[in-house]
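For reference, the structure discussed in these notes is given below.
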Amino acid sequence: MLTLTTPLTRQAGIEVPLICGAMYPCTNPELVAAVSQAGGIGIVQPLSMVYVHGHDFREGLRLIRRLTARPIGMNVLIERSSRTYEERMRRWLDVALEEGVRFFVTSLGKPRWVVDRVAAAAGGGGVVYHDVTERRWAERALESGAHGLIAVNDRAGGHAGPESAEALMDQLGDLGKPVVCAGGVGDEQAFVAALRLGYAGVQMGTRFIATDECRVHADYKRRIVEAGEDDIVLTERVTGVPLAVLRTPYVERVGTRAGPLARWMLRGRRTKYLMRTIYGLRYVRKLKRAVRGGGGSRDYWQAGKSVAGIRAVEPAGAIVRRCREAVQAAR
Ligand SMILES: Cc1cc2nc3c(=O)[nH]c(=O)nc-3n(C[C@H](O)[C@H](O)[C@H](O)COP(=O)(O)O)c2cc1C
């Protein structure tokens, strides 16, 4: 029997097992608040909050609090290539904990320091889910104390994984922790299908870009609504690893493979860290333009194959409501 109550809803204190995934540069406070207010949970992306949408981090969290009293989450990117970046992330985590955030989604690396910090500050009440694309990363995350897994599949927007949603469930289902499906879910039928596979919830990204509350350029939203699966390509040119983006004339012109120098540097033991830092800086700058500029000839618009199920720009709460009703109807 399908039910709205899952290990995810219990741990996060929410009503609908639906996460609005962190999205650089698309996550803004109003979007996070709208999803949480409707019964799912919105995840704050700190870089997006501060560098793209111009909020002081603590003030941004307080803005969300004025819009909803319901639980929200925060994305902690465990990127070790830059000390400055790591220290900044630690400060943001502390601010989030002070402001009452209790649900965290970690990406990259080992989440141990986040798990420990959250446990110390939240008196055992905090929860950390880690993004994974394969079983070996899942095992590492669980060794580090993660409470759940977000299984990023080959249809996801952002950094897609190599495996299908079905294959990931087979790989991760016996690890004894809740597994959330991330990738390819753009409508309520796909939401129900993911829960039927045994997932404890769904993390959607692309679907929430095409909403009234998301503050990206109108052209970007329109392209998501119009696009089909074949309009999504994986490019290495932004971050050095495959990133799902909309096929635009610019993407077609420059191609999707990293340049020869970048590829050589990414292979070297020492040079790879430098290259990742360079990519990190470029990523922050290049992707930010999708929000402010919009439609510029050199923009990258991230989106996943879930575009196929997205038919209109609508309020974020309507998407959460339809997912809730679809599960209730499927009982
Ligand atoms: C525009 C965009 C930006 C993203 N940025 C991040 C990010 O900063 N951190 C992160 O953990 N995941 C990021 N993701 C992944 C999403 O949180 C989510 O896992 C993914 O979008 C799910 O696939 P879907 O787009 O098919 O729904 C991003 C996805 C998109 C589409």
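Every number for a ligand or one of its atoms is a count from 1 in the order of the listing.
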Over 12 foreign heavy atoms within 6.0 Å of CG, Asp174: yes

Part of Thr206 within contact of ligand 1 (heavy atoms, under 4.0 Å): both

Residue Cys26 vicinity, atoms of ligand 1 by number, heavy atom under 4.0 Å: 1 (C)

cation_pi(Arg223, Trp301) dist<6.0 Å, angle<=45: no

Polar proximity ligand 1 side, Gly304 side, N/O cut 3.5 Å exclusive: no

Residue part near ligand 1, for Ala156, under 4.0 Å between non-hydrogen atoms: both

Contact (N/O only, under 3.5 Å) between Tyr220 and ligand 1: no

Which segment of Arg155 sits under 4.0 Å of ligand 1 when only heavy atoms are counted: backbone

Nearest candidate to atom 16 (C) of ligand 1, where distance is taken over non-hydrogen atoms, out of Ala182, Gly158, Ala22: Ala22

Side-chain donor/acceptor of Arg207 to backbone N/O of Ala210, under 3.5 Å: yes

Those atoms of ligand 1 less than 4.0 Å from some heavy atom in Gly21: 17 (O)

Tyr129 and Gln11 side chains, donor-acceptor separation under 3.5 Å: yes

Any N/O pair Lys305/ligand 1 closer than 3.5 Å: no

Atoms in ligand 1 flagged as close to Asn75, the criterion being non-hydrogen separation under 4.0 Å: 7 (C), 8 (O), 9 (N), 10 (C), 11 (O)

Check: Val105 main-chain N/O paired with Asn75 side-chain donor or acceptor under 3.5 Å: yes

Basic-acidic side-chain contact under 4.0 Å: Arg91, Glu87: no

Separation of Asp170 CG from Leu197 CG (nearest 0.5 Å): 9.0 Å

Between Glu134 and Gln171: side-chain donor-acceptor atoms closer than 3.5 Å: no

Nitrogen or oxygen atoms of Gln203 and ligand 1 under 3.5 Å apart: yes

Distance-only N or O hit between ligand 1 and Gln45, under 3.5 Å: yes

is_close_aromatic(Tyr24, Tyr51), centroid dist under 6.0 Å: no

Presence of salt bridge, Glu143 and Lys110, under 4.0 angstrom: no

Shortest reach to atom 15 (C) of ligand 1 by a heavy atom, considering only Ala244, Cys20, Gly205, Gly157: Gly157

Nitrogen or oxygen of Gly184 less than 3.5 angstrom from that of ligand 1: yes

Side chains of Gln37 and Thr68, donor plus acceptor under 3.5 Å: yes

Donor-acceptor pair, side chain of Arg65 and main chain of Arg70, under 3.5 angstrom: yes

Atom indices of ligand 1, in the order listed, that fall short of 4.0 Å to a heavy atom of Met204: 27 (O)

contact_flag Arg207 ligand 1 heavy-atom lt 4.0 Å: no

Interfacing atoms of ligand 1 (cut-off 4.0 Å, heavy-atom, Asp131): 11 (O)

Identity of the nearest option to atom 22 (C) of ligand 1, non-hydrogen atoms only, from Gly183, Gly186, Cys181, Ser306: Gly183

Any Val152 heavy atom less than 4.0 Å to ligand 1: no

